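Scroll down for the structure; my scribbles are underneath it.
Predicted model, so just to flag it, every value in this text is computed and none were measured.
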Amino acid sequence: MNSISNSACYYATKQEGKDNHLVIHFMYDRMTYIEVKDGSRLVVPDNPTIGYIEGDGIGPDITKTTIQVVNSALEAAYNDSRSIEWKKILAGDEAMETTGKHLPQESLDELKRCIVSMKGPLTTPIGEGFRSLNVTLRQYFDLYANIRPIKYFPGVPCPVVHPENVNMVIFRENTEDVYSGIEWRYDSEEAKKLRNYLNTEFGVKLTDDTGIGIKPISRFRSTRLVRKALNFAVDNSRKSVTLVHKGNIMKYTEGAFKDWGYQVAENEFKSKIVREEDYLKNKEEFKDKIVVKDRITDNMFQQVLTRTGEYDVIATTNLNGDYLSDAIAAQVGGIGLAPGGNVGDIHAIFEAVHGTAPKYAGLDLANPTSLLLSASMMLTYIGWKEASKVMEDAITQCYKEKKVTQDIARLIGIKELKCSEFGQEVIKRMVSS
């Protein structure tokens with residue numbers, strides 16, 4: 001069931017009702033896609049088609065290993081009752097070589113049809129060339145929440161004294177702020193016109209060598225991001241949600257994000273939340289509530305280091321979330337161990353958060369943990385939590401036993417595993433459990 005066939009097949013389901021009859025469903029290419037009901041509810045078959053983009057550089061190595069591990073996790077959790085039909089989708093360098101485009105429309109159409117997909121790292125040129133494919137995918141499918149759970153794995157060398165206190169989930173707005181890409185080069189006609197307009201209409205004087213970027217932050221996009229973070233906190237019994245912003249300086253963008261966040265919390269989650277100032281007055285009375293608080297960005301970088309255990313779910317704007325998620329990941333060993341999911345109201349793409357590391361491409365040396373954990377997130381997203389737990393428990397056990405790839409092995413002075421070997425060690429621990 002884990003390979004794709006070109007032949008037609010069928011399956012039967014029992015139809016509820018007085019006749020109690022069987023309904024025969026015909027499928028071609030063995031594709032059974034996830035469906036959407038009531039606008040946002042996913043209906044997941046027992047063998048859904050999941051799209052995957054291998055990615056560039058080390059992408060093929062870590063993707064191959066991840067698919068093997070996921071398949072084994074499904075077998076360990078469900079025997080033969082659930083499986084994934086993996087659908088390869090072209091993007092990046094491979095797509096360019098094959099189709100002449102880095103992200104062909106056919107790939108976008110297939111990602112749309114799959115609903116849920118997994119992605120390896122894709123190359124993004126710095127300063128010139130085509131726009132980031134990652135950003136393009138997020139905006140095309142309106143994947144407005146970049147979700148990054150970060151926690152410590154025992155045995156991983158870390159730069160802080162108590163990395164075990166890190167257990168945070170970051171919800172980063174994924175479609176506006178710097179990701180809207182509104183900017184003009186300093187010597188462009190657009191920049192000249194805008195500098196002149198700002199000077200004439202608002203008295204804002206900028207020198208002629210000034211490039212201009214616009215930072216849009218909207219109420220609609222801010223509130224839906226905070227709403228998703230609050231829903232996650234409620235569903236997963238988390239203790240707090242912190243709104244991170246630079247509202248002391250940027251009052252009508254960053255500050256507005258904070259204000260709109262509090263409004264969502266108080267208007268839509270009133271019975272479940274409490275503001276920090278009220279909680280501190282009577283902790284016993286509000287011990288079962290989710291504490292909603294806010295922190296200024298620069299202070300938050302200090303707080304996650306010095307008062308780590310006080311932070312749980314974080315909701316923030318795009319650029320703040322970019323910095324903060326990598327900084328927190330560094331506390332537990334780096335972004336190679338951090339998963340990521342880009343999630344909208346319907347579609348979701350789960351990805352490795354690190355880069356392509358081209359010098360390791362094809363050498364079977366890369367650490368697949370980021371993509372493995374992202375795939376685990378994906379399984380949770382489609383409701384297959386048992387398989388997700390099997391995966392994460394096995395990965396944790398590998399790190400406890402110092403079964404690690406070269407990036408970690410060199411720090412602790414032990415023999416490293418190849419990417420594929422690490423995957424096999426994870427699979428062994430699934431079987432034994």
Hey, what do you get for [atom1] ([X]) to [atom2] ([Y]), rounding to the nearest 0.5 Å?
{"X": "Asn342", "Y": "Glu351", "atom1": "CG", "atom2": "CD", "value": "4.5 Å"}
{"X": "Lys205", "Y": "Thr200", "atom1": "NZ", "atom2": "OG1", "value": "10.5 Å"}
{"X": "Cys419", "Y": "Gln406", "atom1": "SG", "atom2": "CD", "value": "10.5 Å"}
{"X": "Met168", "Y": "Asp312", "atom1": "CE", "atom2": "CG", "value": "9.0 Å"}
{"X": "Ile335", "Y": "Asn367", "atom1": "CD1", "atom2": "CG", "value": "11.0 Å"}
{"X": "Glu85", "Y": "Cys114", "atom1": "CD", "atom2": "SG", "value": "11.5 Å"}

Are [X] and [Y] packed together at the side-chain level, in the sense that at least one heavy-atom pair is separated by less than 4.5 angstrom?
{"X": "Ile408", "Y": "Pro157", "result": "yes"}
{"X": "Val241", "Y": "Phe232", "result": "no"}
{"X": "Phe350", "Y": "Pro339", "result": "no"}
{"X": "Pro154", "Y": "Lys400", "result": "yes"}
{"X": "Val292", "Y": "Glu276", "result": "no"}
{"X": "Met391", "Y": "Leu372", "result": "yes"}
{"X": "Ser222", "Y": "Glu173", "result": "no"}
{"X": "Leu111", "Y": "His347", "result": "no"}

| query | Under the salt bridge (Lys or Arg N to Asp or Glu O under 4.0 Å) criterion, do Glu425 and Lys428 qualify, and how do the steps go? | reply | CA-CA 5 Å; Glu425 292 294 335; Lys428 286 179 187 177; 3.5 Å; yes
Counting only heavy atoms from other residues, nucleotides and ligands, does the tally under 6.0 Å from [atom1] of [X] exceed 12?
{"X": "Lys64", "atom1": "NZ", "answer": "no"}
{"X": "Arg41", "atom1": "CZ", "answer": "yes"}
{"X": "Tyr262", "atom1": "OH", "answer": "yes"}

| query | Going by the salt bridge (charged side-chain N to carboxylate O under 4.0 Å, His left out) test, which pairs reach into residues 247-264, not counting sequence neighbours? | reply |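 Sorted result for residues 247-264: Lys215-Glu254.
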Any side-chain donor paired with an acceptor under 3.5 Å for [X] and [Y]?
{"X": "Arg221", "Y": "Thr175", "answer": "yes"}
{"X": "Thr369", "Y": "Tyr399", "answer": "yes"}
{"X": "Thr65", "Y": "Ser420", "answer": "no"}
{"X": "Thr63", "Y": "Thr66", "answer": "no"}
{"X": "Thr356", "Y": "Asp56", "answer": "no"}
{"X": "Tyr179", "Y": "Gln139", "answer": "no"}

Determine yes or no for a side-chain-to-main-chain donor-acceptor pair under 3.5 angstrom, with [X] supplying the side chain and [Y] the backbone.
{"X": "Ser117", "Y": "Tyr52", "value": "no"}
{"X": "Thr297", "Y": "His245", "value": "yes"}
{"X": "Thr242", "Y": "Ile314", "value": "no"}
{"X": "Ser107", "Y": "Leu90", "value": "yes"}
{"X": "Ser388", "Y": "Leu379", "value": "no"}
{"X": "Asp46", "Y": "Arg82", "value": "no"}
{"X": "Ser180", "Y": "Asp177", "value": "yes"}
{"X": "Ser370", "Y": "Ala338", "value": "yes"}
{"X": "Arg195", "Y": "Tyr186", "value": "yes"}

| Quiz item: cation-pi between Lys293 and Tyr311, 6.0 Å / 45° | yes
Does this structure show an ion pair linking [X] with [Y], if we count only N-O contacts that are shorter than 4.0 Å?
{"X": "Glu421", "Y": "Lys415", "value": "no"}
{"X": "Glu310", "Y": "Arg295", "value": "no"}
{"X": "Lys193", "Y": "Glu190", "value": "no"}
{"X": "Glu54", "Y": "Lys88", "value": "yes"}
{"X": "Glu277", "Y": "Arg275", "value": "yes"}
{"X": "Lys287", "Y": "Glu284", "value": "yes"}

| request: Step by step, work out the salt bridge (Lys or Arg N to Asp or Glu O under 4.0 Å) result for Asp326 and Arg148. | output: CA-CA 10 Å; Asp326 281 11; Arg148 293 193 185 180; 2.9 Å; yes
| request: Using side-chain hydrogen bond (donor to acceptor under 3.5 Å, both in side chains) as the criterion, list what pairs up with Tyr152, not counting sequence neighbours. | output: none
| said: Applying side-chain contact (heavy atoms from CB on, under 4.5 Å) to Glu176 and Ile217, what does each step give before you reach the verdict? | reply: CA-CA 6 Å; Glu176 55 183 0; Ile217 291 181; 4.1 Å; yes
Tell me the closest heavy-atom pair linking [X] and [Y], and the distance in Å.
{"X": "Ile58", "Y": "Pro121", "answer": "CG1-CG, 4.3 Å"}
{"X": "Ala352", "Y": "Ile62", "answer": "CB-CD1, 4.2 Å"}
{"X": "Phe269", "Y": "Arg227", "answer": "CZ-O, 3.9 Å"}
{"X": "Lys37", "Y": "Val43", "answer": "CG-CG2, 3.2 Å"}
{"X": "Ala265", "Y": "Leu230", "answer": "CA-CD1, 3.7 Å"}
{"X": "Ala327", "Y": "Phe301", "answer": "CB-CE2, 3.7 Å"}

| task | Go through the steps for Ile382 and Ile115 under the test side-chain contact (heavy atoms from CB on, under 4.5 Å), then give the verdict. | result | CA-CA 10 Å; Ile382 65 174; Ile115 306 293; over 6 Å; no
| query | Given the rule in the side-chain contact (heavy atoms from CB on, under 4.5 Å) test, do Asp345 and Tyr144 qualify, once you have shown the distances and angles that lead to the verdict? | reply | CA-CA 8 Å; Asp345 289 328; Tyr144 59 84; 2.6 Å; yes
| message | As a quick check of understanding, evaluate salt bridge (Lys or Arg N to Asp or Glu O under 4.0 Å) for Arg429 and Asp393, giving each step before the final call. | response | CA-CA 8 Å; Arg429 281 148 187 80; Asp393 287 349; over 6 Å; no
| said: Is there a side-chain contact (heavy atoms from CB on, under 4.5 Å) between Phe171 and Val313? Walk through the geometry before answering. | reply: CA-CA 8 Å; Phe171 282 73; Val313 177; 3.9 Å; yes
